[in-house]
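Keep in mind that the numbers below use all heavy atoms, side chains included, and drop hydrogens, waters and symmetry copies.
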Amino acid sequence: MPPTHMRVCIDDMLGPYDAQVDPTFRWNGWQVPMFTLDTVREIAARTLEMADEYGYDCQDTVHVIEGRVDSRDTVHILDSNLQRDTDDEGEDPEPLGIAVRVNWRDVDQGVEQATTIAVATRAARKAARRRKPSGKGTVLTAVVHIRWQWVNESDTGADVIEPNRDGLYGIGGCEWTWYEADPDTAADAGDRS
């Protein structure tokens, strides 16, 4: 059966968003949607709003990082409003963040393979200040999903989301409770004012 286009949401928190779904595949009864990069940007913005409102310790976030095919590798710090545990007495606690290093020249072999993710350290923060995106080639993206409640010194709680062969991204599939939006209310749901 070919993929179906539908609008999906998670209650009134996320969406509705246009998505492509496989009608034969569900996760615990929930939809497993695939999104365009533009929609992923909308989801990323909304997850950051929700993290600011409800706290990073109970909210996953999605991030879209851009570079260029001829860029040198870059380091990006994705901070939360949480504090990092430190063993150093007398030292100010650092914000808890994730350092994402992308080797843009290797992205053609797979974004996940070209990306390294670690808990942000002072050295990573310094590297991020030194390594700004450059180049003039084709714009490339790395999409990162962070589960802040699982971040600690030994686990980043983060994954790189690879696009499928159609260039669509599975955000929250097999983890989040996406369902088909009610077509009668879907037009109004984007207005959260």
Side-chain angles (χ1 to χ4, degrees), residues 1-69 76 78-80 98 100 102 104 107-115 117 133 138-151 156-193:
M1 192 175 238
T4 302
H5 287 82
M6 71 172 57
R7 293 188 52 83
V8 296
C9 62
I10 299 176
D11 298 326
D12 62 350
M13 303 296 287
L14 277 174
Y17 302 111
D18 289 324
Q20 189 178 87
V21 299
D22 177 347
T24 65
F25 179 64
R26 288 185 172 234
W27 170 73
N28 290 337
W30 302 103
Q31 298 292 343
V32 182
M34 302 295 288
F35 301 100
T36 65
L37 183 57
D38 287 340
T39 302
V40 171
R41 290 180 200 285
E42 290 178 46
I43 293 169
R46 181 65 184 135
T47 63
L48 289 170
E49 288 173 7
M50 291 168 59
D52 287 340
E53 185 174 346
Y54 303 113
Y56 281 77
D57 55 343
C58 64
Q59 177 62 49
D60 292 8
T61 57
V62 176
H63 305 265
V64 179
I65 300 170
E66 289 188 344
R68 296 194 177 266
V69 71
H76 306 265
L78 308 175
D79 273 322
S80 70
I98 298 296
V100 181
V102 184
W104 297 105
V107 165
D108 62 337
Q109 298 171 23
V111 180
E112 190 171 9
Q113 184 174 337
T115 305
I117 300 175
T138 304
V139 174
L140 301 172
T141 57
V143 176
V144 179
H145 174 189
I146 304 173
R147 297 156 198 85
W148 291 101
Q149 64 270 31
W150 302 115
V151 177
T156 63
D159 291 309
V160 175
I161 307 298
E162 291 271 2
N164 69 9
R165 67 178 174 270
D166 298 322
L168 301 175
Y169 296 82
I171 304 298
C174 297
E175 289 184 65
W176 295 359
T177 54
W178 292 108
Y179 60 89
E180 184 173 9
D182 180 350
D184 295 332
T185 60
D188 301 328
D191 181 19
R192 293 185 172 79
S193 53

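R7 has its side chain out of reach of E180: every pair of non-hydrogen atoms, C-beta onward, lies at least 4.5 Å apart. When side chains are defined from C-beta on, I146 does not count as touching D159, because their heavy atoms never get closer than 4.5 Å. Within the 4.5 Å cutoff, side-chain heavy atoms of E42 are placed close to those of Y17. Under the 4.5 Å side-chain criterion, counting only non-hydrogen atoms from C-beta, V151 is not in contact with T156. Here the side chains of T36 and D18 are not in contact, with every heavy-atom distance at 4.5 Å or above. Contact annotation: the side chain of I65 never approaches that of T115 to less than 4.5 Å [non-hydrogen atoms, C-beta and beyond].
A donor-acceptor pair under 3.5 Å is absent between the side-chain atoms of R46 and the main chain of R41, judged by distance alone. Using a distance-only test at 3.5 Å, with no hydrogens or angles considered, a donor-acceptor pair links the side chain of Y179 to the main chain of D11.
For the pair P23 and P2, the tightest heavy-atom approach, listed with the atom from each and the gap, is CD-O, 3.7 Å. The shortest heavy-atom contact between A158 and I117 is CB-CG2, 3.9 Å. Here the closest non-hydrogen pair linking G173 and V32 is CA-CG1, 3.8 Å. Scanning all heavy atoms of the two residues, the minimum distance from V40 to V62 falls at CG1-CG1, 4.2 Å. Scanning both residues, M34 and L168, for their nearest heavy atoms gives CE-O, 3.4 Å. Counting all heavy atoms, side chain and backbone alike, C174 lies closest to F25 at SG-CZ, 3.8 Å.
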Taking it one step at a time, do I161 and I171 satisfy side-chain contact (heavy atoms from CB on, under 4.5 Å)? CA-CA 8 Å; I161 307 298; I171 304 298; 4.2 Å; yes

Does Q59 form a side-chain contact (heavy atoms from CB on, under 4.5 Å) with T47? I'd like the steps, not just the answer. CA-CA 7 Å; Q59 177 62 49; T47 63; 4.2 Å; yes

Walk me through whether V64 and L37 qualify under side-chain contact (heavy atoms from CB on, under 4.5 Å). CA-CA 9 Å; V64 179; L37 183 57; 4.1 Å; yes

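A side chain to side chain donor-acceptor pair (under 3.5 Å) check over residues 165-176, counting only residues at least two apart or in different chains, returns the pairs D60-W176, T141-Y169, R147-E175. A side chain to side chain donor-acceptor pair (under 3.5 Å) check over residues 24-34, counting only residues at least two apart or in different chains, returns the pairs D22-T24.
Ring geometry for H63 against W148 counts as perpendicular: the plane angle is over 60°, on a 0 to 90° scale with 30° as the lower cut.
For E162, the side-chain contact (heavy atoms from CB on, under 4.5 Å) partners two or more places apart in sequence, or in a different chain, are V111, E112.
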